[in-house]
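Take a look at the structure below.
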Amino acid sequence: MSYKLMFSSFFFLAVLLTTSKTDIMGVRGLKSYIEGNSLFLKDWNFKGSRIVIDGCNLCNILYGSKYDLKHGGDYYAFEILIKDFFKALKNCNIKPYVILDGGSDHTDKKLETLKQRARDRIKIGKDLSLGRRCYNGGIKPVLLESVFKQILILLKIPFVQCMEEADWEIAALANQWNCPVLSDDSDFFIFDLKAGVLPITHFQWHKGLTQKSIPAKIFLVSNFCKGFNNMNKQLLPLFAALAGNDYVNIHTMIGFFSWEQFSSCSAAFSRSHALLDGILHWLSDFPNTKKAIGAVLGLLRDQNDRGPVQKALTACQNEYQLTKGNLVQFFLNGVAPGRLPMELQVLPGWIRMPLSEGKMSSVVIDALVLQRVRLSSQVENFDLPSSNAISRPIRQVLYGLLLSGQKQRDDRKPSVACVDLAECYVEEYDREGLSLSSFWVKAACPANGKNLHLDTLNEEPLEPRLQVLCDTLGVPSTISTSIAAKFQLPVHVTCYWLSKADPQPHIEHLWSLLLGFVFGELSGRYKGQEGIALVWNRLNRLRLSPTTRGPDLEAAHIYS
């Protein structure tokens, strides 16, 4: 077992701690506002070009609500869909480059927004568990992004997992290559993208399977600004801030000032669209951002807010300024991104390439940089503890390996008694009942891992690293000798699950899991629809023994 496999194994085991990437940030209501005006979206037949794809956005939109949201995920149907999508691009001579989100933003500017959306997902999960319909997209399966990455690797589609949120890197790469961005995230309507944005919901990629171009809609900032008296496009980040994006919300500071009074929208438009339209028309009267910011400051009820508001607006302005990004050298020469913010330089060099290649969970970044991890919500029995609880001892070891030798951040002081100054804790956000709560998890390793340090973990002998894995899962290392290598990790995980789960799994749960292993093994051997039919026929030959009520694997001859 290589060091990468050993280290990745921990993240596979504790996959439920993967930070959720289902949030679409940006300016609320902007996409539907743009779609309501035919001047802003132009028809486009797209072919023969590079395209930079917002991977997390594409993954979630393609899965949509037509696939299973209640039982863990319809990954087989999703795999077929993703393969068809990239087949359509290839048929139209389109070269995709997929960019995925990494760790959370180190400045924490979106923390409160993320916490609120986590609360919303808990409520949605509860509704789905009771069979109620959800009209806001539901909760995507917890393994969706992992499956997406596996399919990209299988198809040899170039992709990268960023060290932080991907929006800025996506926009920077698209401008460097002068190609469009494929995304429904409204933030890309604010960036000054030379080749524009192709919204995913208007990207008719299915037609690319039978023709040589894909009908789409294209958004260009230049066309958008023409609709507002040739507004200076440098004012768009200020518009995003005034409209209430995820960086700043100053509406409460302005008071009763009504942006809607400047709107030219008809009565048929919604109030949110009238708000956006009014802000845009108001801003169009200013020649530059300096004048516009000065006017905004003049609207404040309390002039003591001038300093913080000006700082926030300037910071938001800077967020959308594009320079050369980190990703060109990664895609062209396989070089891990080198220019990292000071806060991210705690990441050892040997970890950066596996992170960029998506071989390690981005939770590494959150645990190291923020000493905080947001755990994914899912559909489950909300009368029981969160399903993330079973893997907390595994995460404790992960944190021990990641934070060995590090000090507790001053702003992450755990609310637990008698904390040793040499100890380190990670704050986990998870559900408790129907509420979002934080839990402090001590970073600690088994005895065999005490001398392992992250900076040199890749240089350590195999035996002690493998022993840490076995100790963490509570299985003897000798068990591996009688199991084929590719089944060792699943078997170890199953042993851990059977011993730690509360309530205890029923025997039918174990049979289902074993049948899943068998199906995965056989479907890998037999390709195509005929092969899948053969697999199902063999599985249907399994019978329940009258004594053990278990599957009669021998009678089925499944390995013949």
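- Between the Q161 side chain and the I99 main chain, no donor and acceptor come within less than 3.5 Å of each other.
- The shortest non-hydrogen separation linking G358 to F159 is CA-CE1, 4.2 Å.
- The two residues G64 and L69 come nearest to each other via the heavy atoms O-CD2, 4.1 Å.
- In this structure the side chain of V27 reaches within 4.5 angstrom of the side chain of L276, judged on heavy atoms.
- Counting only distance, with no hydrogens or angles, the side chain of E79 and the backbone of I151 share no donor-acceptor pair below 3.5 Å.
- By the 6.0 Å contact criterion, NZ on K115 is enclosed, its count of non-hydrogen atoms from other residues, nucleotides or ligands being greater than 12.
- In terms of modelled atom types and a separation under 3.5 Å, the side chain of R392 and the main chain of V441 share no donor-acceptor contact.
- Two residues are said to be in side-chain contact when any heavy atoms from C-beta on lie closer than 4.5 Å; E319 and P237 fail this criterion.
- Taking the ring-ring contact (aromatic ring centres under 6.0 Å, His included) definition, one finds that F330 meets it with nothing, sequence neighbours left out.
- With a 6.0 Å radius and a threshold of 12 heavy atoms from other residues, nucleotides or ligands, N318 has its CG atom above the threshold.
- Taking a 6.0 Å sphere around NZ of K126, one finds it holds more than 12 heavy atoms contributed by other residues, nucleotides or ligands.
- Looking at R409, its side chain does come within 3.5 Å of a backbone N or O of V369 through a donor-acceptor pair.
- A donor-acceptor contact closer than 3.5 angstrom is absent between the side chains of D185 and N57.
- Y67 places none of its side-chain heavy atoms less than 4.5 Å from the side chain of Y75.
- You'll find the side chain of S477 stays beyond 4.5 Å of the side chain of L466, heavy atoms only.
- Using a distance-only test at 3.5 Å, with no hydrogens or angles considered, a donor-acceptor pair links the side chain of D101 to the main chain of A166.
- The side-chain heavy atoms of R431 and E380, taken from C-beta on, include a pair separated by under 4.5 Å.
- H273 and Y33 have perpendicular rings, their planes meeting at more than 60° on a 0 to 90° scale where under 30° would count as parallel.
- The salt bridge (charged side-chain N to carboxylate O under 4.0 Å, His left out) test applied to E432 returns no partner, not counting sequence neighbours.
- Pairing each heavy atom of P348 with each of L368, the nearest pair is CD-CD1, 4.4 Å.
- A donor-acceptor pair is defined here as one N or O able to donate and one able to accept, closer than 3.5 Å; no such pair exists between the side chain of D108 and the backbone of L111.
- A 4.5 Å side-chain heavy-atom check between E428 and N388 finds every atom pair outside the cut-off.
- Across C445, P476, P446, a single residue satisfies side-chain contact (heavy atoms from CB on, under 4.5 Å) together with D471, and that is P446.
- The main-chain N or O of L454 is found under 3.5 Å from a side-chain atom of W350 such that the two form a donor-acceptor pair.
- Taking 4.5 Å as the limit, every side-chain heavy atom of I124 sits out of range of all side-chain heavy atoms of V379.
- Side-chain atoms of E169 come within 3.5 Å of backbone N or O of N326 as a donor-acceptor pair.
- Between F517 and F487, the angle of the ring planes lies from 30° to 60°, which puts this pair in the tilted group.
- The only option from Q408, Q406, K407 that meets the side-chain hydrogen bond (donor to acceptor under 3.5 Å, both in side chains) definition with Q371 turns out to be Q408.
- The main-chain N or O of E460 is found under 3.5 Å from a side-chain atom of R465 such that the two form a donor-acceptor pair.
- For G73 against Y63, the heavy-atom pair with the smallest separation is CA-OH, 3.4 Å.
- For E343, the salt bridge (charged side-chain N to carboxylate O under 4.0 Å, His left out) criterion is met by no residue, not counting sequence neighbours.
- Closest heavy-atom contact between P141 and G72: CB-O, 3.5 Å.
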Q | Intermediate values then yes/no, side-chain contact (heavy atoms from CB on, under 4.5 Å), D366 and R374 | A | CA-CA 9 Å; D366 287 346; R374 291 181 296 120; 5.6 Å; no

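- In E463, the CD atom is not crowded: 12 or fewer heavy atoms of neighbouring residues, nucleotides or ligands sit closer than 6.0 Å.
- The two residues F382 and S129 have their closest heavy-atom pair at CD1-OG, 3.9 Å.
- Without hydrogens or angle criteria, W168 side chain to Q321 main chain gives a donor-acceptor distance under 3.5 Å.
- Side-chain atoms of L100 and F148, non-hydrogen and from C-beta on, do get closer than 4.5 Å to each other.
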